[in-house]
Amino acid sequence: MVTVRNTDQPIATLETDHMPIPINPSPVQAAIEATLPKKTLADVTRLFRHPLLVLSTAAVLTACGGGGGDDVVQIDPPAPAPAPAPGPAPAPGPAPAPAPAPAPAPAPAPGVTTVTTLSQQMEANGSYIVAATSPGTVDLILPAAPAEGNTVSITAQGANDWRVVQNAGQFIDTTGLVGDRTLGSALTAIAASPTARWWYGDTSANGQVILAVSNQFVNDAGGGGGLGNGELRVSRDGGATWDAGVNPIAGGTAWSAVDVSPDGQHMIAVAANAGIHVSHNAGQTWSVATGSAGPIYLGATTSADGTLMAAVSIDGALVLSSDSGANFAAPAGASGLPAGATWQGIDSSANGQILVAVSKSNGVYRSDNAGATWTQVAGLSASGDWYRVAMSADGQTIVVGEEGGVTAISTAGGAFTAVPGVADVNHISVSADGSDIAISTNSGVVLRTAGGAFAPVAGITGNTRFAAVSDYGNAMVVGQNLAAGPSQLQLSLSGTTVGSTGGIVGNTGESLTLVYTGGRWVVQSSTGDFTVQ
């Protein structure tokens with residue numbers, strides 16, 4: 001039997017084991033060969049995409065040279081083409097970015113509250129419409145513990161009067177409000193204050209704590225001289241009540257200068273013959289600094305936190321304390337201070353780092369490192385009778401004055417320029433932001449408010465020893481030492497009275513927005529004409 005296999009030989013010729021065997025193509029095969037004369041069986045098979053049977057699966061061939069056996073010629077189908085090798089797996093794509101977390105929903109703002117009753121406790125950042133349904137004044141009570149930047153807004157639609165009610169210790173800076181009380185515009189005696197020949201005084205930031213000292217030394221036309229008994233008096237309620245007098249040395253104390261921290265807790269008081277005295281509980285108790293007795297101190301200052309203190313004397317002593325006034329010592333090493341200077345006044349910035357000291361005939365000196373080293377201030381006479389100095393909380397506004405000479409001011413760290421028409425300086429006071437400045441003289445008080453021009457305060461004449469402006473600029477306490485005899489302290493207020501008795505009164509159609517900043521409420525915007533209480 002001859003097996004015909006699928007080879008690459010021409011279709012018309014296949015080989016057996018002995019010899020080529022011609023095969024007559026079928027008509028279909030002949031047609032294929034005519035179309036593809038030189039193609040092989042494999043080519044044809046690929047053309048038709050399946051095995052091409054060239055011969056029938058059983059063909060009887062006659063063997064060459066006789067022989068009668070039947071040989072069957074079988075054509076095997078071509079082997080299938082190998083499957084293509086699988087391609088490489090595609091590289092994995094980048095992992096999808098996680099979906100962003102949803103932004104937190106903003107805290108809901110307090111809604112607008114319509115006030116229909118005669119009393120409403122206001123909340124921080126709340127808005128209120130006054131529309132009371134019964135007659136009477138509507139009390140709108142401020143938040144008791146506001147945070148920096150909190151606001152309250154009020155709009156009146158009904159016919160009722162309404163009043164912003166303060167809590168204990170609160171007050172409102174009413175600068176810019178129609179109906180505002182301007183500092184110095186109205187000066188009245190503090191009815192409860194003692195009568196004395198006042199010499200020096202200071203207040204806390206809000207004017208509630210007042211420290212004032214008296215001195216029997218008379219410095220007025222027609223007056224006498226000499227030192228006598230002086231007292232130290234303290235009020236912690238804006239002058240409504242006062243402590244009894246304190247005399248550390250029996251028989252007479254000539255108090256000469258004091259300073260009070262913004263919170264009213266830390267105090268320093270110096271005397272011409274009784275040393276340096278310190279309190280850290282708003283004047284309830286006092287202690288004498290170790291080794292401070294002896295020099296005739298005329299100036300003293302404390303930092304806001306009561307840690308850094310300083311005092312000066314006409315005996316040449318300039319002493320510093322870094323332990324809240326327990327101990328004082330002169331600057332160590334080469335400080336740059338002149339030896340034996342007649343120091344008369346000193347003041348410091350709130351942090352105690354900037355100090356300015358003034359002297360008689362030795363010039364004005366400044367330190368920017370809490371008193372470690374000093375330099376003489378240029379542009380100010382080295383031979384002047386420099387007597388007092390005061391500065392803003394940041395030390396950028398500084399005012400110095402001579403006793404019987406010129407007064408000069410420096411702002412934003414610039415050069416000093418003269419304050420016209422001000423001489424015979426007894427005391428200088430500057431608010432924390434430097435906008436309010438009071439200068440006391442032998443003939444009254446010259447005042448600058450809100451950064452404006454200096455002008456005399458009406459109603460004050462004679463030897464005025466001090467006019468202490470609070471850090472907030474809402475209060476000014478005035479003390480005089482007159483030849484006519486002892487007198488009461490006087491008070492001028494700007495803004496509301498501190499505490500529950502103070503407030504702002506409005507009426508229908510008026511609106512008011514307050515913002516809490518720097519420890520007090522401040523008028524942010526307003527429409528109408530108000531009454532300040």
Side-chain angles (χ1 to χ4, degrees), residues 169 171 190 193-194 198-215 230-243 245-246 248 255-271 276-287 289 297-312 321 324-325 345-352 355 388-393 395 427-434 436-438 440 465-479 489 491-493 498 518-520:
F171 82 98
I190 301 177
S193 79
W198 299 107
W199 196 259
Y200 209 105
D202 197 18
T203 77
S204 60
N206 63 4
Q208 282 297 281
V209 178
I210 304 171
L211 170 61
V213 294
S214 62
N215 188 334
E231 292 186 333
L232 183 153
R233 307 300 291 263
V234 178
S235 174
R236 303 177 193 87
D237 51 16
T241 61
W242 294 81
D243 283 351
V246 175
W255 295 105
S256 53
V258 301
D259 197 24
V260 178
S261 65
D263 64 2
Q265 292 299 302
H266 310 291
M267 299 177 172
I268 182 172
V270 296
I276 303 172
H277 299 259
V278 176
S279 174
H280 294 288
N281 55 11
Q284 297 181 68
T285 59
W286 293 82
S287 60
Y297 292 103
L298 292 187
T301 185
T302 179
S303 61
D305 64 2
T307 300
L308 302 177
M309 293 183 170
V312 295
S321 174
S324 301
I346 190 169
D347 198 20
S348 65
S349 58
N351 63 8
L355 290 163
R388 293 303 184 199
V389 58
M391 69 177 71
S392 58
H427 180 274
I428 303 171
S429 184
V430 180
S431 63
D433 63 3
D436 302 316
I437 300 172
S440 304
R465 293 307 307 179
F466 71 88
V469 175
S470 64
D471 279 352
Y472 293 158
N474 69 308
M476 180 175 69
V477 179
V478 178
L489 295 171
L491 177 66
S492 175
L493 294 175
V498 176
R520 80 272 202 197

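Please read these numbers as outputs of a predicted model, since none were measured by experiment. We count residues from 1, following the sequence as given. These values consider heavy atoms only, across backbone and side chains, with no hydrogens, waters or symmetry-generated copies.
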- I would like to know whether Met267 and Thr302 meet side chain to side chain contact (heavy atoms under 4.5 Å, CB included); could you show each step before the answer? CA-CA 7 Å; Met267 299 177 172; Thr302 179; over 6 Å; no
- Task: For the pair Trp242 and Leu489, evaluate side chain to side chain contact (heavy atoms under 4.5 Å, CB included) and give the outcome as yes or no after the intermediate values.
- Result: CA-CA 12 Å; Trp242 294 81; Leu489 295 171; 3.4 Å; yes
- Task: Apply the test side chain to side chain contact (heavy atoms under 4.5 Å, CB included) to residues Val478 and Phe466: give CA-CA distance (whole Å), side-chain angles for both, the deciding distance (0.1 Å), then the verdict.
- Result: CA-CA 6 Å; Val478 178; Phe466 71 88; 6.0 Å; no
- Step by step, would you call Asp263 with Val209 a side chain to side chain contact (heavy atoms under 4.5 Å, CB included)? CA-CA 8 Å; Asp263 64 2; Val209 178; over 6 Å; no
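Aromatic ring centres of Trp198 and His427: separated by at least 6.0 Å.
For the residue pair Ala475 and Gly207, the shortest heavy atom distance occurs at CB-CA, 4.1 Å. Shortest non-hydrogen contact noted between Leu298 and Ala257 is O-CB, 3.4 Å. Ala432 and Ser392 get closest at one heavy-atom pair: O-CB, 3.4 Å. Ala393 and Ser349 get closest at one heavy-atom pair: O-CB, 3.4 Å. The shortest heavy-atom contact between Val498 and Asn206 is CG2-O, 3.7 Å. Taking both residues in full, the closest heavy atoms of Ser321 and Gly325 are given as OG-N, 2.9 Å, listed atom of the first, atom of the second, then distance.
Distance OG/Ser204 to CD1/Ile210: 8.0 Å, rounded to 0.5 Å. A distance of 14.0 Å separates OH of Tyr472 from CG of Asp436, quoted to the nearest 0.5 Å. Atoms NE2 and OG1, on His266 and Thr307 in that order, are 7.0 Å from each other to the nearest 0.5 Å. Interatomic distance, CD of Gln265 versus NE2 of His280, reported as 10.5 Å (0.5 Å rounding). Distance CD1/Ile428 to OG/Ser440: 9.0 Å, rounded to 0.5 Å. To the nearest 0.5 Å, atom OG of residue Ser235 and atom CG of residue Leu491 are 10.0 Å apart.
Judged by the 6.0 Å and 45° rule, Arg465 forms a cation-pi pair with Trp199. A cation-pi arrangement is absent between Arg520 and Phe171 under the rule of less than 6.0 angstrom and at most 45 degrees off the ring axis.
A search for side chain to side chain contact (heavy atoms under 4.5 Å, CB included) contacts involving Thr301 returns Asp259, Ala310, Ile346, Asp347, Ser348, Leu355, not counting sequence neighbours. Val258 meets the side chain to side chain contact (heavy atoms under 4.5 Å, CB included) test with Tyr200, Asp202, Leu211, Val213, Ala269; sequence neighbours excluded. Evaluation of the side-chain hydrogen bond (donor to acceptor under 3.5 Å, both in side chains) rule for Ser492 yields no partner, not counting sequence neighbours.
Between the side chain of Arg233 and the backbone N or O of Asp243 there is at least one donor-acceptor pair closer than 3.5 Å. Side-chain N or O atoms of Asn215 include one that pairs as donor or acceptor with a backbone N or O of Trp255 at under 3.5 Å. Side chain of Ser303 to main chain of Asn351: no donor-acceptor pair is present (N/O by atom type, distance under 3.5 Å, no hydrogens or angles). Using a distance-only test at 3.5 Å, with no hydrogens or angles considered, no donor-acceptor pair links the side chain of Ser429 to the main chain of Ala468.
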